[in-house]
Protein chains: 2
Amino acid sequence: MKSNIKKEKRTTIYDIAREVGIAPSTVSKALNDLPSVSNKIKTLVKAKATELNYKYNFNAANLRSGSSRTIGVIVPKINVAFFSDAIAGMEEACFENNHRLIICQSDESYTKEVQCVQTLIHQNVDCIIISLSQETRSTVHLNEVKKNHMELVQFDRVDESFESHRIVNDNSQASYRAVKHLIEQGYKKIAFFGGSGHLAVYNHRKQGYLQAIKEADLNIPYNYILDNALKKETAQKAAIELLKYKDPPDAFFTVTDHSALGVLKAAISLGLRVPDQVGIMGFSNEAFTEFTFPTLSSVEQQSKNLGKAAADVYFNHVLTSGMSDKDARHFEMRVIESSLIIRQSSERVPTL
Amino acid sequence: MKSNIKKEKRTTIYDIAREVGIAPSTVSKALNDLPSVSNKIKTLVKAKATELNYKYNFNAANLRSGSSRTIGVIVPKINVAFFSDAIAGMEEACFENNHRLIICQSDESYTKEVQCVQTLIHQNVDCIIISLSQETRSTVHLNEVKKNHMELVQFDRVDESFESHRIVNDNSQASYRAVKHLIEQGYKKIAFFGGSGHLAVYNHRKQGYLQAIKEADLNIPYNYILDNALKKETAQKAAIELLKYKDPPDAFFTVTDHSALGVLKAAISLGLRVPDQVGIMGFSNEAFTEFTFPTLSSVEQQSKNLGKAAADVYFNHVLTSGMSDKDARHFEMRVIESSLIIRQSSERVPTL
DNA sequence: TTTATTTAAGAAACCGATTTCTTATTTTCT
DNA sequence: AGAAAATAAGAAATCGGTTTCTTAAATAAA
C-alpha cells in the first residue's frame, strides 16, 4: 500500500518515449495512428500508454495545432426548455464528433453576450453557436468572431442582416398551418397576439398568420392584431378586453404558450367555453400545455433537432469542406420543420 | 478598404513586446497586473493590447500554469428542468469567478459517464461536478479524478460511500415536512410512492415519510408503501389498485411529480374528489404542477441554488484554502433547504 | 550492381503564455 | 559616501503535445 506524498506528475508522451526507447514525436504519431509509424511501434506505444495511465493533454495539443475541438454556445437562458433541449442536441452532435461543448448564457443582456463572445475567443473555440439576447441590436461582437477565423452559426433568434450560417424554425410556415387549422375548425374571427417587432422570430410568425387569414379572405378588425403580448398577464388582460368587445374574436393565435395560457384564463373567467366559443392555439409546446384544462394546442419546435442541426452545420458543412479559402464559401441556411400539436383548446367536436 | 487575403495571425504578447520595445515576459506580467511592473509600462502595454486587438490565449496559459480555470459538469440529462436549472446556477458562479463551464451528459448511462470523466480529465479541468447516472453502481471512474489531482463535487445523485464534497437537498427533512403537512390537513391513511432503492435521494425521501407517520402514530398497512413508482403510468395503475382496495388511502406522498400526476389521474378516473377525498403531494415542483386541475402541491428544490452551491464549494472552499496539502483536508457537505409549495391537491378548506 | 524511391524513425522547432532566475538601477540605511 | 536592500525589467526555460525537416534503412527500378 504505497501512499505517495509528493503528487506525482501526469505521464506525458516523453515518459512513454523513454520507457519504450523511442522519440517523443514517434509516440505522438503512434497515438494518433499516423501512417508513418509501424504497427509494431503503435502496439508497443499504446500498451505502454495504458500501462502508465497516460492522459492526453488537450491544452498542449490545441496550443500547437491551433484547433481546440471545442464548440462554444451562447444562449439567453440555459434553463429555458427550448434552449436546454437545443443544447442537449448540440451536446449529442459534439459527443459523436469528439468535440467539447462550452456553454455560456447571456441572460438576455447585450453586455453579457459580448463578454461571452470574448471568453469563447480567448478559449480559442473552433465554432460559436449563438442565439441572440432580447437586448441585442448590434452585431459588432459577431464580427469579432469572424475576425478570429472562427465559424459562426446563428440559431433561432438570428440577425438576418448578419451573414453567417443560420438555423431557424419554419416560424412563418408553422404559424400559417396553425391558423389554417383554426380556420378549418370553423373559427372566423381569429385574433393574433405577437411579440416585439425587432425579433425576426415573431415577425415571421405574424407573417404566417397574415398569410392564412388573407388566403381565407377573413375580415379581421385592426384591433384583433396585437404586438407585445408575450406574457401570461399581458395576454390575459388584452384578451379580456377583446372578448368583452361588441364584436369579439372567436379564436386566438398566440406566439407563445404563456400568452395562450393567459387567453385561456381570460376566457374561463368570462365564462366562455373553450374550444366551443373560443379557440386557442399557442406556440412552443411547453410542457404545461398538456396539463391545462382544457389542454392547449401548440406548435412543437423540435428544439433538440434544431440544436443538433446547428452543430452539424459545423461538423458537416464546415469541417469536411476543408474550409477551402476561396471566398465562394456560402452560408448554410437551414429551416427545421415544426409540427402542430392539436389538443382540446382548438378542436371542435364535429357536429353531425 | 483593405481586404486581407492571407489570414493574419492572432496578435500575441510577443507582438506587443516588439511594438512597445520591451520583453515578452514583462508584457505578460503587465497584463496580469503583477506588482513587479511599473504603472507606466502597464498603461503602455494595455493600450497597445487594445490597439492591436490582442486576444488572450487560454490554452497557452493553461499549458504552462497547469490550471485551466475551467469546471466540468456531468449530468444525466441536460434538458431536465432540475439539471438545467442547476447548470444555470453553476454557470452563474463560474461567470462571477472568471471560469469556464464545460458540460457533458451521461444520458443515464454508466459507460457514457465514464467517457465524460475521461474527456474532462483530458481537458485538464480544475474541478468536476457530477450527478450520477441511474446506471452507475461503481466509482472507479471517480477515483481517476482524484488521481489526477482534480477536485470533485458530487451533487444531488451522490454516492455516499465515496469521499468527496457533496451538495444535496434536504430530501428527508423536506419529505418529513410534506407528510406532516398532509397529516395537519387531516389525512390519516397516507400512501407512499417511492423510487428504486439504490439511489440515496429516494431512500432519504422515504425516511422522511416514515419518520412523519411514526411520529403521528399512524397505522399504515404495508401495501401503502410502494417502491419503483416514479413514472406517471406506473403510479396511475398502482393508485387505482390501492384506491379500489377495501381500506383505501386518503392521501398520497410521491417522490416525483410525474408520479403525483398519475395518482391525480387515477383519482379523477375513479370519480374521487381531490383534495376532499384524496390528498396528493408530489416532489420537484415541476412546471406542470401549477397547471393541472386541481393544481398539485409539491416540494420546491431550489435547483439553481443547488448548482451554484456546488460550484461555490470549489470557489470558496477549495480555491481560497490554497489546497493546503495536509491530509487534514475535509470534505464539505452541504444541504440545500427546499420548501413546500402548497397548492390545491393537498389543502382541504377548513370546515368551520 | 548501382541508383532512385519509399518507408520508418528521430531531431528539433514550435504554439503562446508563465515563471524562475538574473541583472541593472534605485532607494534606503548606517 | 558606501553598503545593503528593494525595485523593475529582461533572458531563458518551461508546459506537452504537433509538425516539419532530416536521415538511415529498406525496397524498387534501371
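In the text below, chain A, chain B and the rest are named by the order of the sequence lines, each starting its count at 1. Fair warning: this is a prediction, and the values are worked out from it, not measured in the lab.
Only one option out of A:F331, A:F315, A:F155 pairs with A:H165 in a ring pair (Phe, Tyr, Trp, His ring centres under 6.0 Å); it is A:F331.
The main-chain N or O of A:N39 is found under 3.5 Å from a side-chain atom of A:T43 such that the two form a donor-acceptor pair. In this structure a side-chain-to-backbone donor-acceptor pair under 3.5 Å is present from A:N148 to A:E144.
The distance between atom CG of B:L44 and atom C1' of D:dA9, rounded to the nearest whole Å, is 14 Å. What separates CG of B:N148 from P of D:dG16 is a distance of 12 Å, to the nearest Å. Protein atom CG of A:D15 is 11 Å distant from nucleotide atom P of D:dC15, rounded to whole Å. Note: CG (B:N124) to P (D:dC15) measures 14 Å, nearest angstrom. Rounded to whole Å, the distance from NE2 on A:H122 to C1' on C:dC15 is 17 Å. D:dA8 atom C1' lies 15 Å from atom CG of B:D33, rounded to whole Å.
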Protein-proximity profile, nucleotides 16-25 of chain C, B/S/- by nucleotide at the 4.0 Å heavy-atom cutoff, equals BBBBB-----
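In this structure, B:K77 fails the cation-pi test against B:F82, since its NZ or CZ atom is not both closer than 6.0 Å to the six-membered ring centre and inside 45 degrees of the ring normal. In this structure, B:K112 forms a cation-pi arrangement with A:F95, its terminal cationic atom sitting closer than 6.0 Å to the ring centre and no more than 45° off the ring axis.
Salt-bridge formation is not detected for the pair B:E332/B:R166: no Lys NZ or Arg NE/NH1/NH2 atom is positioned less than 4.0 Å from an Asp or Glu carboxylate oxygen.
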